[in-house]
Each structure stands twice: as C-alpha cells, then as structure tokens.
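What follows is a set of notes on a single structure, which appears directly below.
Both ligands and their constituent atoms are indexed starting at 1 by order of listing. A quick note: this is a predicted structure, and the numbers were derived from the prediction, not measured.
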Amino acid sequence: MRSHYEVIVIGGGHAGTEAAWAAAHALGEGGSVALVTMDPRRIGTMSCNPAIGGLAKGQMVREIDALGGIMGLATDRTGIQFRMLNTSKGAAVRGPRAQCDKERYACEIQRIIAAQPRIDVIAGTIDDLLVENGRCVGVLLPAGAGIVRPDEAALASDLRTPGAPRVPFAGRPTQPTTEPTAIRAAAVVLTTGTFMRALMHTGERRTQGGRVGEGSAVGVSGCLGRLGFALGRLKTGTPPRLDRRSLELDRLPAQPGDAPPVPFSDLTANDGRTSFPHLPQVLCWETHTTAATHELIRANLHRAPMYAGQVDAECGPRYCPSIEDKVVRFADRGEHHVFLEPETLHTDEIYCNGISTSLPEDVQDAIVHAMPGCERASILRYGYAVEYDMVWPHQIDATGETKPLPNLFLAGQINGTSGYEEAGAQGLVAGLNAARRARGMEPVRLGREQAYIGVLMDDLVTRTPREPYRMFTSRAEHRLLLRADNADERLTPLGRELGLVCDERAARYAERMSAIAGIRALLRTLRRDGKTLEEIAKRPEVTAASMVGLLVAGGAEAPDPSLVDRVITDLRYAGYVTRQQTEIRRQRDAERTAIPASLDPQAVTGLRTEAIEALRRFRPATMGQASRLAGITPGDMTLLALAVRRSSGG
Ligand SMILES: Cc1cc2nc3c(=O)[nH]c(=O)nc-3n(C[C@H](O)[C@H](O)[C@H](O)COP(=O)(O)OP(=O)(O)OC[C@H]3O[C@@H](n4cnc5c(N)ncnc54)[C@H](O)[C@@H]3O)c2cc1C
C-alpha cells in the first residue's frame with residue numbers, strides 16, 4: 001500500500017463512491033485515490049429503499065450523470081422498474097425514478113469502481129484524521145487494514161444471470177497492516193453516512209451499528225469534536241421486509257413501470273448501442289394501513305423509541321416519516337398508502353414503502369397483518385430506526401471543504417442530508433474539489449441557476465437544517481431551467497472542462513446537440529396550413545409523437561421523439577426562461593463577489609448584531625451566499641458590500 005495518495009475518501013456509500021470516481025477523473029492520468037471503507041463488500045449498498053430518483057431527486061441523478069458520475073449508469077444497468085413521475089405536469093417538475101435490484105446495484109457500483117485503476121479500495125475503519133499546522137494531511141489506518149483487489153470472476157459475470165450476483169470486493173485485504181499506520185493525502189473526503197456513533201432501535205432493543213449487520217464508527221466523531229467541529233444527532237428509519245410467498249398480491253392493484261422506459265444515463269442512450277432495460281422488469285403493488293392499526297400504534301407510542309425518550313436525536317426525516325409519526329401528525333387520516341416493492345430479482349424480499357417504523361416486533365406484526373393482501377405475511381426483517389452523529393453544515397463551504405480544517409471535505413448524510421441522490425451529488429462536488437485542492441487548482445461551486453446540485457450545496461451552507469435535508473423542486477427558484485431532460489446542456493460541457501466527462505459521453509453529447517439543432521432548423525422552415533411547425537409546436541395539445549408525424553410528413557427523416565419533446569419544451573418555456581435569465585444576469589455580480597476570509601464582520605461599521613452573528617456562524621464565501629442567510633437585511637448587504645470593496649482596495 002502507498003504511504004501517500006492525492007485524495008483519500010472515507011466511506012464507500014453513495015457519497016463516497018461518487019467522490020472517489022470524480023476525484024480519480026479530475027486528477028486524470030497519474031492520479032491516486034484511496035477509498036477506505038469499513039466493509040468493501042458493502043460498497044454501494046442501498047441502506048433503505050431500493051429506488052433511485054423521484055421528484056427533484058431524479059433531476060439530481062441526471063445532473064450527476066451529465067457531470068460524468070456513476071449513479072445513473074448503475075441504475076440503468078440494475079433497474080427493475082422505471083417510471084417518469086408527474087407526467088401530467090410540466091416538464092420542469094417531472095422526475096425520473098427507478099426501482100433497482102438492490103444487490104445488483106451495489107455490485108454494479110463496485111464494478112465501476114473496480115474498473116478505475118486510479119482508485120485503491122482499502123478495508124478499514126477510520127477513527128482518526130492526521131492534522132498538521134491546522135490542516136488535514138491524511139488518516140490513521142487501523143491494524144488489519146489493507147487493499148482489497150476485485151475478484152476477476154465476479155467482474156466478468158453477467159448481471160443478467162439468475163441467482164445472487166457476485167460482489168467484486170468480497171476478498172480479504174492483501175498485506176494487512178500490523179499496527180495503526182498513517183497514510184497521507186493532499187485532501188481527505190469524509191462520508192460516514194449513518195455510521196458515526198450509530199445506534200439502532202427496534203422497540204426497547206438497542207444495538208450498535210449504522211445498518212443492520214454492520215458496525216458503528218465510534219472514534220471519528222470524537223476526533224471531529226476534538227478538532228472543534230459542532231456536531232448534531234439525527235435519526236432515520238426503515239420499514240419491515242416481507243416474504244413475497246406469504247402475500248396475496250393478486251388481490252392488490254398492480255403498478256407497472258413505463259413502457260418503454262426512459263434511462264437515466266446519457267451513456268445508456270436509447271439508441272440500440274446499449275441494451276436497455278438491462279434486466280427483466282417487475283410489478284409493484286399498492287396496499288394501505290387501516291384505522292384499526294392506527295389505534296394500535298397510538299396505544300403503543302410509549303414503546304416507540306422516539307416517543308419513549310430513548311433516542312437522543314433531535315429529529316428524523318419529515319418528508320419520509322415513520323408510520324408512528326404519520327399517525328400522530330395526520331391524526332384525521334384513516335389510512336396511509338403502502339407500496340410493496342420487490343427488492344431483488346432472485347429473492348422473495350418485498351420492501352414495504354410507507355411504514356418505516358421502530359415499534360416493537362409484535363406491533364409491526366399487527367400493522368402488517370392488518371394491510372389488505374398481507375394478512376398472512378411473514379416478516380423477513382423487522383423495521384428499525386438508526387440515530388447517528390452529523391456535522392452541522394454551516395461548517396462547510398459550497399465546495400464541500402470544511403472551514404475549520406482546510407483540506408478536509410465532507411459529503412453525504414454526515415452533512416445532515418437524507419437520501420442517496422443528495423449524498424451522491426455532494427460526493428461528486430467534494431471529490432472534484434478535493435482533487436482540485438490536491439493539484440492547487442481553483443475550487444468549483446455550482447450556481448443555484450445551474451443545477452439542483454448547486455441549490456443543495458447553497459442551501460447547506462446558508463441555512464441550518466432543522467431535519468434531514470431532502471431535495472424538492474420547490475427549493476429551486478429557477479426550476480424551469482433545471483429540467484431532467486436538459487441536464488446535459490447545463491452541465492456536460494463544464495464536466496468535460498473539469499476532466500469528469502469521458503470521450504464517449506462527450507461524443508454522444510455532441511451528436512445530440514447537433515440532432516437538436518437540426519430539429520430546431522426543421523421546425524423553423526417546415527410549414528403546415530400556412531404556419532411554421534415551430535408555431536404549431538407551441539400549442540399545448542401538440543405532443544412529441546404528433547410533431548414527429550408532422551416532421552416526417554414534411555419530408556424529414558424520423559427524429560428521436562425524446563429530442564423533439566425537449567425542443568418543444570424549450571419553445572413553450574422560452575418566455576419564462578428569458579425572464580429568468582435576465583434575473584440571473586442581474587444577480588451574477590453578487591454571486592461572484594468573494595468575501596475575503598480575513599474580513600471580520602465585527603469591524604464592519606453599522607452592521608447589526610444579528611447580521612454579525614449570522615456572518616460569523618456561516619462565514620459565507622460570496623456576497624450571494626451572504627444575501628441568503630437568515631438575519632441579513634438589504635441594509636446589512638449594503639454595508640457589507642462597502643466593506644468588501646474597501647478590503648479589496650476598490
Ligand atoms: C436504516 C436506514 C434507513 C434509511 N431510511 C432512509 C429514508 O427513508 N429516506 C432516505 O432518503 N434516506 C434514508 N436512509 C439514508 C440513506 O441510506 C442515506 O441517505 C444514504 O445512504 C447516504 O449516503 P452516504 O454515502 O452519506 O452514507 P452511507 O450510504 O451510509 O455510506 C457510508 C459509508 O461509510 C462507511 N463508513 C462510515 N464510517 C466509516 C469510517 N469511520 N471508516 C471507514 N468507513 C466508514 C460505511 O461503512 C458506509 O460504507 C436510511 C438509512 C438507514 C441506515
């Protein structure tokens with residue numbers, strides 16, 4: 001094992017794998033990345049729901065993909081049901097979602113990581129960071145840590161083969177360390193997910209661990225505390241898993257996926273060059289809880305860890321609440337929807353989407369058995385809650401780098417977010433910037449008008465989350481610009497410039513852009529009943545399919561309907577988009593004006609105490625970030641602008 005890497009990533013979850021991948025690509029030839037994780041067999045594990053994407057989250061996966069990341073590609077290769085959500089609404093708020101075979105998903109992520117020669121996977125749990133002169137300079141590996149090489153036979157196997165897939169990183173570490181060993185790096189990315197001082201709860205029973213069957217990372221939050229980071233504690237939970245053979249699914253409404261499905265990744269373009277969908281597609285089913293079980297839940301609330309005062313965590317995810325929270329918060333509801341979703345193709349495990357719970361097992365049995373179709377259900381695994389330490393994100397910059405400890409980057413659930421997509425997005429930003437830091441290059445921050453990823457990073461650094469942060473379309477003020485279908489136009493050229501986008505993606509992007517330009521030109525020139533097709537395309541009743549028909553009738557070669565759809569959407573949104581772009585240009589100067597790190601808010605004449613406190617807590621990097629802090633008024637901004645101009649000699 002090397003004693004020095006350019007970038008070390010701690011944690012092989014959704015944030016860590018994107019971070020390692022982005023860092024390896026941004027570093028390019030000769031770069032070196034270590035991905036140190038507790039248990040390499042679990043790299044890419046979906047802790048909870050076997051699904052990727054959804055409203056706003058799907059847009060983020062498209063953005064990760066457009067920037068060369070891996071989540072969309074792994075989803076396409078392991079998806080067992082694809083659905084575009086919100087199709088009855090405008091293109092801006094549609095969100096792609098896919099349910100994956102969760103074991104194959106982790107396998108695919110591991111294959112992608114294994115195929116990148118610049119990444120070494122190291123088995124080991126990190127308790128300590130190395131710090132010198134106020135900077136993070138590496139990590140301390142425990143005894144027994146070592147590189148795990150991928151298993152060649154597992155890499156060569158076909159994911160379509162029936163039965164359990166073989167995980168590439170299943171082997172033992174080679175030449176494990178015999179004592180704690182320092183490895184140095186120019187930048188370190190910490191992505192501990194739900195594992196820092198993690199405690200799992202089912203009823204009165206408590207076990208240490210961040211996920212069932214796995215350990216807890218005990219030392220690292222103590223290390224962060226000693227380094228002066230302010231830590232918090234959050235919780236999340238997961239529902240019981242049922243045995244499909246014990247369910248009467250034919251009594252329930254079935255939910256099929258889209259036919260044909262739309263892939264996430266631009267590398268899986270639906271153009272016959274790649275097989276898609278890669279795996280057989282499955283159904284999901286819909287059932288519901290009943291009023292009788294709501295009564296039972298109320299009667300047993302004192303046995304729920306959150307309500308019994310057994311959990312230290314301040315709060316759980318409001319937008320993905322436990323069934324006990326739903327029953328308390330929506331007391332007038334007689335039932336709650338539950339979706340029964342297959343977790344893999346080769347097991348009978350069914351995920352009960354909608355009844356995340358940490359109630360004792362006897363109560364979970366009663367809740368499940370009262371749901372139509374589940375009266376005789378066998379529970380394979382009971383639901384549980386997990387509480388864990390996190391770092392309040394006002395301590396990071398929108399690049400992911402921490403302010404108290406330069407060269408240390410944080411990404412994922414450790415920053416108080418929830419969800420795979422939010423984690424992956426932060427991982428990509430942190431991995432990219434860690435690589436740039438290692439090479440002495442300027443950091444990259446995405447704007448709120450550029451990507452949901454930009455909205456996410458900006459929200460994290462300008463407001464303190466009161467609950468695990470989840471992305472919504474309503475969080476983006478420029479959502480007409482931030483569509484799932486145009487993520488490539490917004491981000492792929494930038495990704496290419498930053499070294500994240502491979503030649504194949506760049507070539508496909510160029511092909512698509514030229515096809516779109518061709519469609520636009522045809523719409524402007526071809527006419528029907530005295531009107532150009534462009535004028536006709538703006539009518540609300542016109543669909544992509546009908547426009548393809550008109551183009552072909554006009555003598556054009558049949559174009560890709562998804563590109564026609566995109567051109568039509570652009571035409572319909574053109575007026576709003578121009579207005580939004582004018583507003584963005586107006587704000588651009590503020591967004592770009594840096595606030596010198598040396599500027600002391602206390603020394604700014606006339607600034608109110610509340611504003612001084614907010615500026616001290618968040619230490620915004622730009623005037624744009626400062627303007628979004630709670631407690632900052634337009635008057636404060638004027639005084640701050642004056643001080644910034646003076647400090648830069650203006
Ligand atoms: C029980 C449960 C229920 C959940 N329910 C939901 C939900 O309903 N909705 C939702 O949006 N999200 C939910 N989540 C959260 C979801 O799993 C996370 O959002 C997502 O996995 C975060 O990705 P991450 O990369 O930050 O962390 P993780 O995926 O947790 O990955 C962290 C990785 O870091 C490794 N690691 C941690 N500490 C160390 C260390 N010190 N040294 C080495 N390796 C380390 C771990 O082994 C793991 O591989 C749930 C999670 C759990 C555990």
Is [Y] paired with [X] through a side-chain N to carboxylate O contact shorter than 4.0 Å?
X    : Y    : answer
R303 : D362 : yes
R475 : E422 : no
R118 : E6   : no

I'd like to check which ligand 1 atoms, numbered from 1 as shown, lie under 4.0 Å from a non-hydrogen atom of [X].
X    : value
T191 : 32 (C), 33 (C), 34 (O)
T192 : 32 (C), 37 (C), 38 (N)
G13  : 25 (O), 29 (O), 31 (O), 33 (C), 49 (O)
G210 : 53 (C)
S47  : 17 (O), 21 (O), 51 (C), 52 (C), 53 (C)
G124 : 42 (N), 43 (C)
I10  : 40 (C), 42 (N), 43 (C)
A423 : 22 (C), 23 (O), 24 (P), 26 (O)

Legend entry - Polar side chain donor-acceptor pair, D101 to T78, under 3.5 angstrom: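 No, T78 and D101 have no side-chain donor paired with an acceptor closer than 3.5 Å.
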Inset, instruction - Taking atom types as modelled, find out whether E324 and T357 have a side-chain donor-acceptor pair closer than 3.5 angstrom. - result: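 The criterion, which ignores hydrogens and geometry beyond distance, is satisfied for T357 and E324.
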Inset, instruction - Return yes if some donor-acceptor pair links the side-chain N/O of W21 with the main-chain N/O of G68 below 3.5 Å, else return no. - result: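 It does hold such a pair.
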Identity of the nearest option to [atom], non-hydrogen atoms only, from [options]:
atom                    : options               : answer
atom 41 (N) of ligand 1 : I126, N353, D128, N49 : I126
atom 25 (O) of ligand 1 : A15, G11, C48, G215   : A15
atom 50 (C) of ligand 1 : N415, T236, V218, D39 : T236

Inset, instruction - Look only at interatomic distance and state if M38 has a nitrogen or oxygen under 3.5 Å from any nitrogen or oxygen of ligand 1. - result: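 Yes; at least one N/O pair falls below 3.5 Å.
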Inset, instruction - Give yes if a backbone or side-chain nitrogen or oxygen of Y384 is under 3.5 Å from a nitrogen or oxygen of ligand 1, and no if not. - result: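 No - when backbone and side-chain N and O of Y384 are compared with those of ligand 1, no distance drops under 3.5 Å.
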Inset, instruction - For the residue pair L130 and V188, establish whether any side-chain heavy-atom pair is separated by less than 4.5 Å. - result: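 Not touching, per the 4.5 Å side-chain cut-off.
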Legend entry - Student check: side-chain heavy atoms of P50 and Y105 closer than 4.5 Å: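 No, their side chains stay 4.5 Å or more apart.
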Inset, instruction - Kindly check if the number of other-residue, nucleotide or ligand heavy atoms within 6.0 Å of CD (Q255) is above 12? - result: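 Counting neighbours around CD of Q255, more than 12 heavy atoms of other residues, nucleotides or ligands fall under 6.0 Å, so yes.
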Inset, instruction - Mind checking whether A217 contacts ligand 1 via backbone (N, CA, C, O), side chain (CB onward), both or neither, at a 4.0 Å heavy-atom cut-off? - result: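 Near ligand 1, A217 shows its side chain, while the N, CA, C and O stay back.
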Legend entry - Straight-line distance of L199 CG to Y388 OH, nearest 0.5 Å: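 Interatomic distance, L199 CG to Y388 OH, rounded to 0.5 Å: 13.5 Å.
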Does some non-hydrogen atom of [X] fall short of 4.0 Å from ligand 1?
X    : answer
P468 : no
G237 : yes
H14  : yes

Inset, instruction - Return the set of residues passing ring-ring contact (aromatic ring centres under 6.0 Å, His included) with F195 (not counting sequence neighbours), or none when no residue passes. - result: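 Partners of F195 under the ring-ring contact (aromatic ring centres under 6.0 Å, His included) test: none.
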